[in-house]
Every structure is written in structure tokens, then in C-alpha cells.
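See structure below.
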Amino acid sequence: MSPSSKKPTRAQQPASRDKKRVTNPKVTMIGDSITVRSTPSLQAALPGITIDGQVGRQLTTAPGLVQQHLSAMGPNDVLVIALGTNGNGGLSDFNTAISEAGNRKVVLVNTDCDRPWTASMNQAIQQAVSSHSNVSLADWHATIAGKEGALLVDGVHPGTQGQQLFARTVANAVHKAVS
């Protein structure tokens, strides 16, 4: 066999398969009404995304939902958790959900709403991000700040522009997590 006809080793093979994984990662997202309203924009920003969103969903449901989705997720898939708008739950729920995810990349989306629990929820999210090397932040709070026109009259749920901003924020965080 001549040297040019040898099958290339993995190190010599083009990185296109690895690049494809980075440019179009498989994503599973668990969320609440913000996710539900943003579904079309999320699907456009992250083709093939699996979205499990439910209006009124509480953070306390995250660990069980992660368990439910694990069988359909590969070891290199990205898990996005966008819960916190509705208030119940805290750091222990994030830590348990992250633990359930194993070594997968996890993106936590912080919240932006005028509710008594918003600051403590975002603090719990930041603590979870800081405590786990496989966890990163999609900073919805910073993205939407000063863009009240991108939200509906309730000041919580995204309108059309807000949905696009939300999806872009999540997609950017996902791509950063896998790069």
C-alpha cells in the first residue's frame, strides 16, 4: 500500500465532523412561557432544537424533566434550562438538574421580570454557573435591559422583537459553550 493510499488517521482526517457539531450542536431546551412564546425564533436560531416548554412551569420541575430527556440526548448534546420566571425553586434545583445532566454542556438562562424573586433567582443562576465548569450563562437579563418595547404589555413575555432577541441570546450562549 502506497503512503498516499493509506487511510488517514483520526488526527489527519478533516475536522468537518467536529466542526459540524460545533456549528450546529444538538440542543434540548426546558423552559417556561418565555420559551413557549419564543419557540419559532429558537427553532430558526438553533435548527433541530428539541423544546419542552410549558406555561407556568416552575424551576422545581427541572431535575425530573432533565431525567425524562436524558435517553434522547447524546453525551455531547447541550441542555438549556430557561426556568425562573415563575419563582419557585433555587440553587439546589439548578444543582440537581446540572448533576442529572452529567458531563453535558448546560446553559442556564437568567430571567428578567419585575417580580420579588427575580434578583434571588438570577443570583442562584450565577452561583450555579460559577460552581460548575460545564455550565454557562445566557444573559437574557442584560440582553433585554432597556428594550421594554421588545416585551408585551405585561413586561415579562417577549413580543416579536423580544422573541428574536431571546433566541439569539440562547443561540450565542450555546455556540460559546461548545466552542
Side-chain angles (χ1 to χ4, degrees), residues 9-11 13-36 38-39 41-112 117 120-143 166-179:
T9 64
R10 176 143 171 75
Q13 291 177 346
S16 61
R17 276 184 275 164
D18 294 336
K19 256 189 175 178
K20 186 175 182 187
R21 182 176 300 281
V22 171
T23 58
N24 193 17
K26 187 171 178 213
V27 179
T28 298
M29 183 168 186
I30 297 168
D32 54 29
S33 57
I34 309 302
T35 300
V36 171
S38 301
T39 293
S41 295
L42 288 161
Q43 291 168 329
L46 293 163
I49 187 173
T50 298
I51 298 174
D52 181 353
Q54 182 180 352
V55 174
R57 183 174 276 161
Q58 303 290 330
L59 171 59
T60 54
T61 65
L65 291 168
V66 172
Q67 282 181 339
Q68 289 175 20
H69 286 282
L70 282 179
S71 64
M73 294 177 68
N76 296 315
D77 292 359
V78 179
L79 173 66
V80 178
I81 300 174
L83 294 170
T85 304
N86 297 308
N88 287 338
L91 182 58
S92 64
D93 297 297
F94 284 117
N95 285 336
T96 303
I98 292 163
S99 178
E100 292 293 338
N103 292 325
R104 291 171 185 84
K105 299 291 185 184
V106 177
V107 174
L108 301 180
V109 183
N110 62 10
T111 189
D112 185 84
W117 56 82
S120 62
M121 186 64 69
N122 285 344
Q123 183 180 17
I125 290 168
Q126 190 56 56
Q127 286 176 313
V129 168
S130 298
S131 300
H132 302 275
S133 62
N134 63 318
V135 180
S136 56
L137 176 67
D139 198 349
W140 172 237
H141 182 74
T143 298
F166 183 79
R168 191 170 27 237
T169 300
V170 171
N172 288 344
V174 165
H175 290 294
K176 186 176 177 182
V178 298
S179 63

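Values below: every heavy atom of this structure, side chains too, minus hydrogens, waters and symmetry copies. None of these values were measured; they are calculated from a predicted model.
With sequence neighbours excluded, the residues forming a side chain to side chain donor-acceptor pair (under 3.5 Å) with Thr111 are Thr85, listed by chain and number. With sequence neighbours left out, Asn86 forms a side-chain contact (heavy atoms from CB on, under 4.5 Å) with Asp32, Gln58. With sequence neighbours excluded, no residue satisfies side chain to side chain donor-acceptor pair (under 3.5 Å) with Thr35. Evaluation of the ring-ring contact (aromatic ring centres under 6.0 Å, His included) rule for Phe166 yields Trp140 as partners, not counting sequence neighbours. Considering only residues two or more places apart in sequence or on other chains, Ala138 meets the side-chain contact (heavy atoms from CB on, under 4.5 Å) condition with Val107, Val109, Thr169, Ala173.
Listed here is the closest heavy atom pair of Ala171 and Ala45: CB-CB, 3.9 Å. Residues Ala177 and Ser136 approach most closely at CB-OG, 3.6 Å, considering heavy atoms. In terms of heavy atoms, His175 sits closest to Pro25 at CE1-CD, 3.6 Å. Nearest heavy-atom pair across Gly31 and Leu83 is C-CD2, 3.5 Å. Scanning both residues, Gly89 and Leu59, for their nearest heavy atoms gives C-CD2, 3.7 Å. What you find for Ile30 and Arg57 is that their closest heavy atoms are CG2-NH1, 3.8 Å.
The backbone N or O of Trp117 lies less than 3.5 Å from a partner atom in the side chain of Ser120, making a donor-acceptor pair.
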Show, in sequence, the C-alpha distance, side-chain angles and deciding distance for Leu42 and Met29, and conclude whether the side chain to side chain contact (heavy atoms under 4.5 Å, CB included) test is met. CA-CA 10 Å; Leu42 288 161; Met29 183 168 186; 3.7 Å; yes
Side chain to side chain contact (heavy atoms under 4.5 Å, CB included) between Leu108 and Val129, intermediate numbers included: CA-CA 8 Å; Leu108 301 180; Val129 168; 4.2 Å; yes
May I have the step-by-step check of side chain to side chain contact (heavy atoms under 4.5 Å, CB included) for Val27 and Asp77, ending in yes or no? CA-CA 6 Å; Val27 179; Asp77 292 359; over 6 Å; no
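The shortest side-chain heavy-atom distance between Ile51 and Gln43 falls under the 4.5 Å cut-off. Within the 4.5 Å cutoff, the side chain of Asn134 has heavy atoms near those of the Ile98 side chain.
Expressed to the nearest 0.5 Å, how far CG of Asn122 lies from CG of Asp112 amounts to 8.0 Å. Rounding to the nearest 0.5 Å gives a distance of 11.0 Å between NZ of Lys26 and CG of Asn76.
For the side chain to side chain donor-acceptor pair (under 3.5 Å) condition, the pairs that include at least one residue of residues 98-109, sequence neighbours left out, are Gln67-Glu100.
Just one residue in the list Val135, Asp139, Asn110 forms a side chain to side chain contact (heavy atoms under 4.5 Å, CB included) with Ile125, and that residue is Asn110. Screening Thr50, Asp52, Thr28 for a side-chain hydrogen bond (donor to acceptor under 3.5 Å, both in side chains) with His69, the sole residue that qualifies is Asp52.
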